[in-house]
Amino acid sequence: MKIRTRFAPSPTGLLHIGGIRTALFSWLYAKHHKGQFILRIEDTDRERSTDEAVQVILDGMAWLGLDHDEGPFYQTQRFGRYKEVINELLENGHAYRCICSKVRLDKIRDEAMSRGDKPRYDGLCRSLNLTDENAVIRFKNPTDGDVVVSDQVQGDVIFENSELDDLIIARSDGSPTYNLTVVVDDMDMGITEVIRGDDHLNNTPRQINIFNALGAKAPNYAHIPMILSPEGKKLSKRDGAASVLQYRDDGILPEALLNYLVRLGWSKGDQEIFSIDEMVSAFDIKDVNKSASSINPDKLLWLNQHYIKNAENKLLLKPLTDLFLLMNINIENGPEIEDLIDIQKQRTETLKEMAEQSTFFYNDFEEYDANAAKKHLRPVILEPLKQLYDSLKSLETWDNDNIKSAIEKTANDLEIKMGKLAQPLRVAVTGAGVSPSIDDTLRLLGQDKTLKRLRKGIEFIENRSSS
RNA sequence: GCUCCCUUCGUCUAGUGGCCCAGGACGUCGCCCUCUCACGGCGAAAACACGAGUUCGAGUCUCGUAGGGAGCACCA
């Protein structure tokens, strides 16, 4: 049988990395088995679903390259089908109408709790055969026996039917609820493997019972462990990103994020670096472990740096250009982005950092970094800088070798160390104390800008010493 | 409260009864390289939650304790 997996997020909140990891595992499972991956938007909660959240799901999946073979399907467009199934259940005695009030429900729940029981519906309307149109509809769950969830990650988990109650499958306005829609969709869409967060494990026996009532075969399940914040708490917005797209805007590469995520709860010996192809061939859901894991932003950054360092420049071109755009920097005013990538790719953890560290190439800075200026733009270096200015100005060919020897020669002539001269020069032309190697920096900056800024640096020192 | 799940360095993990006085990775610390920041190289510190049991032998099996998580909605 052809393997078919799905990712079925709810657009009630912005898709974050927890959801993405679930999507990744489902996607990998499908790819590994040469099956199909289906995207389904579970938007039956019309109150809380937003268009923005739907868009983040679509854009996020596309950004990461987690392509789907079918979909996206929207549950709100399948209400007719759910109605049909609910009626079928009603007719064959697997469901019934219930008119118990909210007040009564709350009361029996409280009573159960105080008795030390699990809060459950007591089945009052179960055999009343009500026909009220605005009643909720409940699924008639078996009262005895048990349900075994044969989970590919959790193993066999046994639930007693007596622990379960008659859940609501349709609200009083007739709209279907999650446990019904998920079963109908997984059945209709021929899903063979359901891979989802283990917060759904407790729902699974109810869903299996509905499958049984429908005379359908339940899919295989794999409940993967949760992802926690670095503190080991539930993931929240400030733990990195409210939306997965934030990672893109922070200059993270899709390959890095996916590689990071695949190693959360899954491993293959000691291997840390996985290309997409390697993941697809190595991934086995049975190797996923059962315990929750905390995210570690530092490791993500390390992987991101790894992928930046090893990426072909042209792959970085588009995302980096987008970031400059986001920062309102006009890249026409400076070096070619590919040349920039050449000299920066070894030294930044994110593309955003690369962009930020490179703004001086494109924009003139207003003032120097205070500490750097204080430390390096001092009168003692005035004469050497002047001499260097002349030397750089006389260069006919503006390349690394010439730039470097001009600096070295000046330093030698004046018997100062290379660093003593290079660092003030760096501050003068970049505005701060950090940049790629000084010859690369000057070369890309160009002779004109270099001389202009060096002139200003010299004036700055002169003004400083006279005041 | 009830049901279900989890527990190896700070973090992600290897480990399927002897190969483990526990291996790798991120991070941390030290040294080297060096025009800054990085990269890179070398090295170090750092963990089997606890208690019983099974066994010649337990991180690995069993039970219990403690701690953590999830579910118990006219949310998904």
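Bear in mind the structure is a predicted one, so any value in this text is a computation, not a measurement. By convention in this document, chain letters (A, B, ...) are assigned in the order of the sequence lines, proteins followed by strands, and residues within each chain are numbered from 1.
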Hey, are [X] and [Y] close enough for a salt bridge, meaning a charged N less than 4.0 Å from a carboxylate O?
X: A/Arg206; Y: A/Asp165; result: yes
X: A/Arg104; Y: A/Asp122; result: yes
X: A/Asp439; Y: A/Arg443; result: no
X: A/Arg115; Y: A/Asp117; result: yes

Tell me what [X] touches on the nucleic acid: a base, only sugar-phosphate, or nothing, going by heavy atoms under 4.0 Å.
X: A/Glu163; answer: sugar-phosphate
X: A/Thr12; answer: nothing
X: A/His376; answer: nothing
X: A/Lys234; answer: sugar-phosphate
X: A/Asp117; answer: base
X: A/Leu201; answer: sugar-phosphate
X: A/Ser437; answer: base
X: A/Ser114; answer: nothing
X: A/Asn289; answer: sugar-phosphate
X: A/Gly13; answer: nothing
X: A/Ser172; answer: base
X: A/Gln305; answer: sugar-phosphate
X: A/Asp173; answer: nothing
X: A/Val136; answer: base

* Asked: Start at the 5' end of RNA chain B and walk down; is the nucleotide closest to A/Lys309 or to A/Gly433 reached first?
  -> A/Gly433
* A/Arg109 vs A/Pro230, nearer the 5' end of RNA chain B by closest nucleotide -> A/Pro230
Does [N] have a Watson-Crick or wobble mate here (both distances under 3.5 Å), and if so which one?
N: B/C31; value: B/G41
N: B/U65; value: B/A49
N: B/U36; value: none
N: B/C2; value: B/G71
N: B/G10; value: B/C26
N: B/A58; value: none
N: B/U16; value: none

* Among A/Arg40, A/Arg81, A/Arg6, the one residue meeting salt bridge (charged side-chain N to carboxylate O under 4.0 Å, His left out) with A/Asp188 -> A/Arg81
On a whole-Å scale, what distance lies between the [atom1] atoms belonging to [N] and [M]?
N: B/G53; M: B/A47; atom1: C1'; result: 24 Å
N: B/A66; M: B/A49; atom1: C1'; result: 8 Å
N: B/U36; M: B/C32; atom1: P; result: 14 Å
N: B/A58; M: B/C21; atom1: P; result: 12 Å
N: B/A14; M: B/C48; atom1: C1'; result: 12 Å
N: B/U7; M: B/A44; atom1: P; result: 30 Å
N: B/C39; M: B/C12; atom1: P; result: 23 Å
N: B/U28; M: B/G15; atom1: C1'; result: 25 Å

* Asked: Has A/Arg21 got its NZ or CZ under 6.0 Å from the middle of the six-membered ring of A/Phe25, at an angle within 45 degrees of the ring axis?
  -> yes
* To do: Kindly assign one of parallel, tilted or perpendicular to the pair A/Tyr368 and A/Phe460, based on the angle between their ring planes and the thresholds 30° and 60°.
  => perpendicular
* Taking all non-hydrogen atoms of both residues into account, name the closest pair between A/Leu421 and A/Ala411 and its distance. => CD2-N, 3.9 Å
* To do: Nearest 0.5 Å please: distance from the OG1 atom of A/Thr76 over to the CG atom of A/Asp45.
  => 11.5 Å
* With syn defined as a glycosidic angle within 90° of 0 and anti as everything else, classify B/C39. => syn
* salt bridge (Lys or Arg N to Asp or Glu O under 4.0 Å) assessment of A/Asp166 paired with A/Arg126 -> CA-CA 9 Å; A/Asp166 293 347; A/Arg126 191 175 169 114; 2.8 Å; yes
* For RNA chain B, note the earliest and the latest nucleotide, 5' to 3', having some atom under 4.0 Å of a heavy atom belonging to chain A. => B/G1 to B/A76
